[in-house]
**Student:** 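Here it is, the structure, as structure tokens.
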Amino acid sequence: MATQIDPEFSCSLTIDLPLPTARLASAALQALRVDKELSPLVSRSFSTISAPSSHDSGDSSPMGSSQEKILRTEYKATTNRMLRVAVNGFMESLSVVLGVMDELDVDILGVEDPKE
Amino acid sequence: MIAIGLEGSANKLGVGVISHPAPGKPAQVLSNIRHTFVTPPGEGFLPKDTAKHHRTWVVRLVKEAMTEAGVSINDIDCICYTKGPGMGAPLQSVAVAARMLSLLWQKELVGVNHCVGHIEMGREITGADNPVVLYVSGGNTQVIAYAEQRYRIFGEALDIAVGNCLDRFARTLEISNDPAPGYNIEQLAKKGRALLDLPYAVKGMDCSFSGILASIDILAAELKANPEQRDSITGEVITPADLCFSLQETVFAMLVEITERAMAHVGSNQVLIVGGVGCNERLQDMMGIMARDRGGSVFGMDERFAIDNGIMIAHAGLEAYKTGFTTPLEESTCTQRFRTDEVFVRWRD
């Protein structure tokens, strides 16, 4: 999916982050899109996409490959500096998102009573 | 019911788990973990660095809080977080974590007003029935009284918070910020004797501290230029301890005055002091003298609950949640300005 070059926001960057499951990709998207971009010189959009299908048939299950496990983040800004600042901020928030996924998810903390 | 609360509006990151076992029964603190971002002497904390600190510690603190509480994800009813007021980037860094927990654990979010968190925790811990609340911290200075389902602000600092005045003077003196600048000012003030001349800026129900800060900074500069300077009344050499003592006596007297004015207005004789500056024993003493003169009493808490913490957010959030209040994910933003009286206190009569 090619990003249209917007003459106003000529500096752009697309980041595709593959995650283990569609559930995680969806959670990341929902958590990150709540906060508006601080600067009007930056525009951003989130989506989840499935992996581009480049494998031979029969190799991986159709269910797995059609799931949207990739978080796609598209940033557009008026200058490279604004783009860099915005993307850095995204990376910082992403570190929290990934940390929670990594250490605080239901399968790690346990949903049931920890005391037997 | 059980709630987890996340707080990060200033340089303290707090996570707490609270249980409300049954109506009428006292709340139980299952865990209350905090980590403070301490800056070197002479420096304050900036939003960017504070946010970085919170991002680094939030996952670890949530894990510790859950482990210490001995509860499972199933037991948690809601996830409470500080919506505001406070510093933008730090607030947002904690909110992102809260949202992820909400999505992964499939629990509702409750956005909490930081000031209301302090008040509700104070009421719960001290058992004060309907006190005038003095909320004093590095970021806030308000005199509050409850009326008709809102915490009404009767008086406040017009410019900077009293704690901000004390903290910035700690920077001027370059004393340690560990565990907190205000704590070290308090210890130094205990050795002070000379009451130096400072402006006294009470304006009706409100007060102002920036002029006092400017004055004490000038005195500190004069003392640094002339270390042999003597106090005109005692004849002793003036020390930084005298500066701290004079500053505390002046600003605390102002706080006592505006609190007393509110008590007279409202007809209450109970005072509840909340917020980090509430840990100061001299302030508690001075407020106590005034309250006893009026036939009343002062309620305070220790640093576990007076200084910013996650348990107060969990407590106030759970009170709201029990009345049916939740914050939808799309609305789980943060705001630097969030007036105490914006909150509809449905959980009280």
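Only heavy atoms go into these numbers, but all of them, side chains included; no hydrogens, no water, no symmetry mates. The chains referred to below are lettered A, B, ... by the order of the sequence lines, with proteins before strands, and numbering in each begins at 1.
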**Student:** Between R55(B) and E92(A), is there a salt bridge with N-O shorter than 4.0 Å?
**Tutor:**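 Salt bridge: yes.
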**Student:** Name the region of L24(A), side chain, backbone, both or neither, that has any atom closer than 4.5 Å to a heavy atom of chain B.
**Tutor:**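 The side chain, not the backbone.
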**Student:** Would you find more than 12 non-hydrogen atoms of other residues, nucleotides or ligands less than 6.0 Å from K322(B) atom NZ?
**Tutor:**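 More than 12 heavy atoms, drawn from other residues, nucleotides or ligands, come within 6.0 Å of this atom.
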**Student:** Go through the atoms of S95(A) and report whether side chain, backbone, both or neither lie under 4.5 Å from a heavy atom of chain B.
**Tutor:**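 When you check distances to chain B, only side chain atoms of S95(A) fall under 4.5 Å.
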**Student:** Does any N or O in the side chain of R23(A) come within less than 3.5 Å of the main-chain N or O of L104(B), such that one atom is a donor and the other an acceptor?
**Tutor:**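 Indeed, once roles are kept as given, a pair shorter than 3.5 Å links the two residues.
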**Student:** Side chain, backbone, both or neither: which part of S332(B) has an atom under 4.5 Å from a heavy atom of chain A?
**Tutor:**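 The answer is both parts of S332(B).
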**Student:** Would you mind telling me which of E330(B), M100(B), M66(B), H54(B) has the largest number of heavy-atom pairs within less than 4.5 Å of chain A?
**Tutor:**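 The answer is M100(B).
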**Student:** How far does CG of D35(A) sit from CG of L91(B), to the nearest 0.5 angstrom?
**Tutor:**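 If I round to the nearest 0.5 Å, the distance is 10.5 Å.
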**Student:** May I ask you to check whether over 12 heavy atoms, not counting those of L38(A), lie within 6.0 Å of atom CG?
**Tutor:**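 Not more than 12 within 6.0 Å, no.
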**Student:** Check W105(B) against V106(A) and note the closest heavy-atom contact, atom names and distance.
**Tutor:**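 Answer, listing the atom of W105(B) first, then V106(A): CD1-CG1, 4.1 Å.
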